[in-house]
Amino acid sequence: MDDHPAVTISVRGTGTTDCLRSLRGWLVETGELRGPLHLGHQPCGASGPEGVVDVLVVATGTERESAVLASAVLSWLRHRETGVDLRLATAEGATVELPAERVRSLDEDGVRAESARLARALAPAVH
């Protein structure tokens, strides 16, 4: 993954491992993300019990992949029965908090606007 810019996704709330596994499955089903999707532990700090997943790392090398990721994450959040809050962070330091309750309350125009905002925040910087 070192060759690709990546977005690290973490979950606040209960059932974080199950949520991240579910989100990974959702992203794989889109079939549009070309980079790897890895479940793992936060790189620093104490890791949880064995088998507990702390983060999902998604390679996003292009603006299009960032847009696909943004759209898929919002769609996944809108279909969640339980409230979870996602935190997405880029290797360049940009972070976005996505409370599921707020995402579920968005109308169609709000979802499009939020997807565009998230895609811009997650897009790799052009050097």
Side-chain angles (χ1 to χ4, degrees):
M1 290 256 315
D2 295 353
D3 315 25
H4 302 92
V7 174
T8 301
I9 304 171
S10 57
V11 176
R12 277 195 317 229
T14 59
T16 58
T17 296
D18 290 340
C19 286
L20 288 170
R21 290 182 198 280
S22 170
L23 177 56
R24 183 185 183 281
W26 186 276
L27 294 174
V28 166
E29 286 181 24
T30 69
E32 294 186 60
L33 291 170
R34 301 289 178 229
L37 302 158
H38 294 290
L39 294 167
H41 293 289
Q42 297 279 3
C44 55
S47 63
E50 189 173 328
V52 173
V53 174
D54 297 318
V55 294
L56 172 60
V57 181
V58 182
T60 54
T62 66
E63 287 185 25
R64 183 182 183 292
E65 288 174 332
S66 296
V68 167
L69 176 61
S71 178
V73 164
L74 289 172
S75 179
W76 180 83
L77 272 175
R78 290 178 59 85
H79 289 91
R80 297 297 302 167
E81 291 182 21
T82 59
V84 296
D85 295 341
L86 295 183
R87 180 177 187 270
L88 294 89
T90 67
E92 297 162 335
T95 60
V96 178
E97 302 283 336
L98 285 177
E101 271 187 49
R102 185 177 64 77
V103 171
R104 278 196 303 271
S105 70
L106 295 173
D107 62 12
E108 194 173 313
D109 290 336
V111 170
R112 276 194 295 272
E114 185 66 13
S115 183
R117 181 186 78 86
L118 183 56
R120 281 190 306 274
L122 300 178
V126 178
H127 297 288

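What you are looking at is a predicted structure, and each value in this text was computed from that prediction instead of being measured. Position 1 is the first residue of the sequence, and the numbers go up from there.
Residues Thr90 and Ala121 share a closest heavy-atom pair of CG2-O, 3.9 Å. Closest non-hydrogen pair, Trp26 versus Ala72, comes out as NE1-O, 3.2 Å. Between Ala123 and Glu63 the shortest heavy-atom distance is CB-CG, 4.0 Å. Nearest heavy atoms, Leu56 versus Leu39: CD1-CD2, 3.8 Å.
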Problem set entry | Worked check of side-chain contact (heavy atoms from CB on, under 4.5 Å) between Thr16 and Asp54 | CA-CA 7 Å; Thr16 58; Asp54 297 318; 5.9 Å; no
Exercise. Can you check side-chain contact (heavy atoms from CB on, under 4.5 Å) on Leu23 and Leu86, steps first, answer last?
Worked result: CA-CA 10 Å; Leu23 177 56; Leu86 295 183; 4.2 Å; yes
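Contacts of Arg117 classified as side chain to side chain donor-acceptor pair (under 3.5 Å), with partners at least two apart in sequence or in another chain: Glu114. Scored by the salt bridge (Lys or Arg N to Asp or Glu O under 4.0 Å) test, Glu29 finds no partners at all (sequence neighbours excluded). For Asp107, the side chain to side chain contact (heavy atoms under 4.5 Å, CB included) partners are Asp109, not counting sequence neighbours. Remark: Ser71 pairs with no residue by the side chain to side chain donor-acceptor pair (under 3.5 Å) rule, at least two apart or across chains. Annotation: side chain to side chain contact (heavy atoms under 4.5 Å, CB included) contacts of Ala67 (sequence neighbours excluded): Ala119.
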Can you give each donor-acceptor pair under 3.5 Å made by side-chain atoms of residues 93-101, sequence neighbours left out, with the distance rounded to 0.1 Å?
unit_1	atom_1	unit_2	atom_2	d
Glu97	OE2	Arg87	NE	3.3

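Here the CZ-CG distance, from Arg102 to Asp85, works out to 10.0 Å after rounding to the nearest 0.5 Å. For the atom pair CD1 of Ile9 and SG of Cys19, the computed distance is 12.0 Å after rounding to the nearest 0.5 Å.
Note on Leu118 and Val111: separate hydrophobic clusters, where clusters join Ile, Leu, Val, Met, Phe, Trp and Tyr whose side-chain heavy atoms are under 4.5 Å apart, directly or indirectly.
Screening Arg80, His79, Arg78 for a side-chain contact (heavy atoms from CB on, under 4.5 Å) with Trp76, the sole residue that qualifies is Arg80.
Looking at Arg24, its side chain does come within 3.5 Å of a backbone N or O of Leu37 through a donor-acceptor pair.
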